Amino acid sequence: MILGIESTAHTFGCGVCHERTLLSNIMDTFKPPVGGIRPSDAAEHHAQVAAKVVTEALETAGTSASELDAVAYARGPGLGPCLAAGLVTARTLAIRHGIPLVPVNHCIAHIEVGRLACDIDDPVTLYVSGGNTQVIAYEEHRYRVFGETLDIPIGNLFDQFCRYGGLPHPGGPAVERMAREAAEAGADLIELPYVVKGMDLSYSGILSDIKRRLADGADMKALCMAVQEVSFAMLTEVTERAMAHTQKQDALLVGGVAANKRLFEMVATMAHERGGDAYVVPREYAGDNGTMIALVGEQMYETGIKEGIEESFTTQRFRTDEVDVTWIGDSS
Ligand code: AMP
Ligand code: MG
């Protein structure tokens with residue numbers, strides 16, 4: 001029985017996993033009164049809700065802290081003060097109940113919960129969120145990054161654009177709705193900078209272009225449609241090349257932006273043309289959550305990975321391909 005703690009950014013989440021069964025998924029998300037997230041404010045929020053979220057996650061799972069074998073925590077990547085708040089909670093439980101800690105990479109947790117929930121063995125994963133944009137696939141004991149953003153993440157592109165246009169945070173859902181309305185009204189596609197360099201993508205040119213066009217009086221809905229079409233086409237191109245290179249059949253979408261129906265439609269069309277399929281992580285596990293940390297923690301724990309509190313630490317930069325993936329066999 002493993003408890004997982006997630007605290008890399010705006011969400012403090014906690015979940016329990018036992019033999020790959022996800023028993024609970026409780027979270028409390030910090031919402032800044034205005035603008036973006038200030039890490040110290042989010043960390044204070046996490047410290048305040050930690051005890052409540054942990055208790056509820058154990059109760060919902062029908063267990064108690066004394067039943068736990070280990071506590072898994074998100075080591076990174078993320079915001080320093082937020083990560084520290086999660087580690088303090090994890091260490092407290094570890095000391096109190098005399099159990100070890102398991103350090104989990106946040107990006108890998110997104111992939112693993114998607115693989116389990118969609119029952120898909122070996123996909124090319126598109127991890128698209130407010131803080132990350134990566135195309136990832138498993139090869140020889142590592143999750144390798146085949147392509148990624150060279151500047152801002154795709155969710156951040158939507159959020160910054162919406163903030164500039166006076167729409168509430170997070171911007172993604174508003175962009176999707178307005179883009180659909182523009183498409184239904186038959187709006188013309190506005191041309192935006194399509195920047196794919198090798199396997200990597202760049203979104204900062206799109207952001208400056210749409211801000212300028214908005215200031216010049218362009219229609220917000222038509223811009224939303226254009227920003228989706230161009231940014232998603234770039235992602236689909238890189239995903240397709242990663243699938244061709246790795247000879248994998250299926251694509252898996254994880255992270256907050258994976259909720260977008262148009263993105264799924266484009267990736268699914270591409271995957272079907274290649275004879276494969278596309279999957280999207282269920283909404284409850286799409287955003288940051290503690291259950292995905294518990295799941296990876298359990299798999300790591302079973303292969304002998306654990307640490308005492310003196311060995312535990314967090315790190316703001318923690319690359320997906322740094323982790324030795326001990327829990328997937330060679331056949332994958
Ligand atoms: P995460 O960082 O995984 O918590 O996801 C949050 C990000 O997902 C934010 O940048 C949101 O704007 C974005 N997002 C949420 N829903 C949608 C959507 N329907 N379409 C596009 N982006 C979305
Ligand atoms: Mg995330």
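Computed from a predicted structure; not experimentally measured. Whatever order the structure lists ligands and atoms in, that order sets their numbers, starting from 1.
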| task | Let me see the working for H45 and F12 under ring pair (Phe, Tyr, Trp, His ring centres under 6.0 Å), right down to the final yes or no. | result | CA-CA 8 Å; H45 160 269; F12 187 89; 7.8 Å; no
| Given C14 and M27, is the side chain to side chain contact (heavy atoms under 4.5 Å, CB included) satisfied, shown in steps? | CA-CA 6 Å; C14 204; M27 63 193 82; over 6 Å; no
| I154 and F232: CA distance, side-chain angles, deciding distance, side chain to side chain contact (heavy atoms under 4.5 Å, CB included) verdict | CA-CA 9 Å; I154 188 159; F232 292 167; 3.7 Å; yes
| request: Take K306 and M300 through the side chain to side chain contact (heavy atoms under 4.5 Å, CB included) test and state the conclusion after the steps. | output: CA-CA 8 Å; K306 54 188 165 182; M300 293 172 72; over 6 Å; no
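Against a heavy-atom cut-off of under 4.0 Å, G155 is close to the following atoms of ligand 1: 10 (O). Each of the atoms 18 (C), 19 (N), 20 (N) of ligand 1 lies under 4.0 Å from some heavy atom of E176. Counting atoms of ligand 1 from 1 in the listed order, those under 4.0 Å from a heavy atom of P170 are 11 (C), 12 (O).
Considering only non-hydrogen protein atoms, atom 13 (C) of ligand 1 sits nearest to V257 CG2, 3.8 Å. Counting protein heavy atoms only, atom 2 (O) of ligand 1 is closest to G130 N, 2.9 Å. Looking only at heavy atoms of the protein, atom 22 (N) of ligand 1 is closest to G172 CA, 3.3 Å. Atom 20 (N) of ligand 1 has as its closest protein heavy atom N260 ND2, 3.0 Å.
Here the side chain of T11 pairs no donor or acceptor atom with the backbone of G13 at under 3.5 angstrom.
Under the 3.5 Å distance criterion, with hydrogens and angles disregarded, a donor-acceptor pair is assigned to the side chains of T326 and T303. No side-chain N or O of E322 forms a donor-acceptor pair with one of N105 less than 3.5 Å apart. Counting only N and O atoms by type, the side chains of H110 and D288 include a donor and acceptor under 3.5 Å apart.
The residue among P153, A179, S129, G171 with a heavy atom at the shortest distance from atom 1 (P) of ligand 1 is S129. For atom 15 (C) of ligand 1, the candidate residues are G131, G256, A9; the nearest heavy-atom contact is made by G256.
When the N, O or S atoms of D288 are ranked by distance to the Mg ion (ligand 2), OD1 comes first.
Under 4.0 angstrom from ligand 1, the non-hydrogen atoms of D159 all belong to its side chain. Only the side chain of H10 comes within 4.0 Å of ligand 1, judged by heavy-atom distances.
The nearest N, O or S atom of H106 is closer to the Mg ion (ligand 2) than 2.8 Å.
For the pair Y143/C107, no side-chain contact is recorded, criterion being any heavy-atom separation below 4.5 Å from C-beta on.
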